[in-house]
2 protein chains.
Amino acid sequence: MTITDFLKDLVDFSEAELDDILSHFQKEIVSKSQPLVEQGQVCRKLYYVEKGIGRNYYLNSDGKEITQLFFGEGRFMTSLESFFEESPSLYNVEMLEDAEIHSISKNELELLFDRYHKMERLGRLLSTEMLTKVVHKLNAIQFQTAKERYEYMLTEYPDIIYRVPLGMIASYLGMSQETLSRIRKKKIRD
Amino acid sequence: MTITDFLKDLVDFSEAELDDILSHFQKEIVSKSQPLVEQGQVCRKLYYVEKGIGRNYYLNSDGKEITQLFFGEGRFMTSLESFFEESPSLYNVEMLEDAEIHSISKNELELLFDRYHKMERLGRLLSTEMLTKVVHKLNAIQFQTAKERYEYMLTEYPDIIYRVPLGMIASYLGMSQETLSRIRKKKIRD
DNA sequence: ATCGTTTTTTGATATAGGTCAAAAGAATCC
DNA sequence: GGATTCTTTTGACCTATATCAAAAAACGAT
């Protein structure tokens, strides 16, 4: 879904408003694995994912990559806290496929928030939506077995599960890659 | 912190705006354990917690209570998805102490969002803040040992940890009450 | 203060899922 | 199209934490 359609769907901007808003976004073509943000840097941009899948991840104390969130097409992606509070990012952000994204800096975004009541609404709606998604995930992780967590992933992100390496999904679901591999095998047999 | 001070701190409302906004909230005195929302009902209100601690929780398939989130003083509390999407709540919501809260219905809130650009901003800021908190928790839960999760709780919610029963904290942290009891005992010895 | 209820602790035992290591299978590159 | 690298699977073993059960402690109401 193009960013234009996405914005129109959520809030009924006028043509003029929409044009102005879109003019503050930059289209970027990025290739697979090219880092957009690195752990320790301040994340300066918010991205809309038009094509591709992104993720943010960090290296734990054993140097293992832990995927925190995936961002599919039609989602806004950033290193949340870093972007909004201009603090060093705890996460790396990257695209997992060659991708087309649209970026906007914090200043430009704030400017749009100031200028348009409707833009502020858009921000609120997106933030609330994201919040409910994260709460869902939290629920899945907090008290479910490895098998149930995999099933949650299957229903919630069927598009993503077959497009990214197993190890990333495993860490996203809070289990080892070996465990996920065994679960998946057992699933297929059933 | 009173709701008035809280709102003023976040966004610079004029006196008139603030008066109008506050007039849409109802002050409620609720006693401990009195249910505000029950699993299956639609949650009709958003609450500001002025005094007391609230939580939302659900009963899992074994009938055990799982606490999902705590809401301390100065926080907005609701059954998130239920309130915004008017869907049956997955959670029960209650106060854990005799409490003073301020409530607003979805219609009145939407009315304020429509009326004031600044109100919309308030909503966005609160939602974003909540989002980062939940992401933090997710992080803590996803890959940390029981001991580390307890330490996260100590630093993130030192006020809450000594005011609510152990079992609720244990389920909030995704571990059994026995495990939390043993961890805490060991901590004291060090 | 005392009885009943709720919460916390403790001990014994069980198990889901982790870790390590190696093999098998895919994908990528010259 | 084989060599190299990356990803997934498999097996053996181990550990953190769950579960069960019962005692101890704390809390609340009369």
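The CD atom of Q142(A) sits 12 Å away from the P atom of dA18(D) (whole-angstrom rounding). The OH atom of Y150(A) sits 12 Å away from the P atom of dT8(D) (whole-angstrom rounding). As rounded to whole Å, 12 Å separates atom P of dT9(C) from atom CD1 of I183(B). Straight-line distance from the CZ atom of R149(B) to the P atom of dA18(D): 7 Å, rounded to whole Å. The CD-P distance, from Q177(B) to dC20(D), rounds to 14 Å in whole Å. dA26(D) atom C1' lies 13 Å from atom CG of L166(B), rounded to whole Å. Regarding K32(A), its NZ atom lies at a distance of 11 Å from the P atom of dA27(C), rounded to whole Å. One atom, CD of E178(A), and another, C1' of dC14(D), lie 14 Å apart when rounded to the nearest Å.
Using a 4.0 Å cut-off, some side-chain N or O of R184(A) falls inside it from OP1 or OP2 of dT9(D). S181(A) has no side-chain polar atom (N or O) that falls below the 4.0 Å cut-off from OP1 or OP2 of dT8(D). For T145(B), no side-chain nitrogen or oxygen approaches OP1 or OP2 of dA16(D) to under 4.0 Å. Taking side-chain N and O atoms only, S176(B) has a distance below 4.0 Å to OP1 or OP2 of dA18(D). Neither OP1 nor OP2 of dT9(D) sits under 4.0 Å from any side-chain N or O of K185(A).
Ring pair Y152(A)/Y157(A) is perpendicular by interplanar angle, where above 60° counts as perpendicular and below 30° as parallel.
Side-chain atoms of E28(A) and H102(A) form no donor-acceptor pair, as typed in the model, at a separation below 3.5 Å.
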Taking it one step at a time, do Y172(B) and F70(B) satisfy ring pair (Phe, Tyr, Trp, His ring centres under 6.0 Å)?
-> CA-CA 8 Å; Y172(B) 175 79; F70(B) 291 109; 5.1 Å; yes

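Note on E108(B) versus K45(B): no salt bridge recorded, every NZ/NE/NH1/NH2 to OD/OE distance being 4.0 Å or above. A salt bridge is defined here as a Lys NZ or Arg NE, NH1 or NH2 lying under 4.0 Å from an Asp or Glu carboxylate O, and R44(B) with E86(B) meets this definition.
In terms of polar N and O atoms assigned as donor or acceptor, the side chain of R182(A) never comes within less than 3.5 Å of the base of dG18(C) in a complementary pairing.
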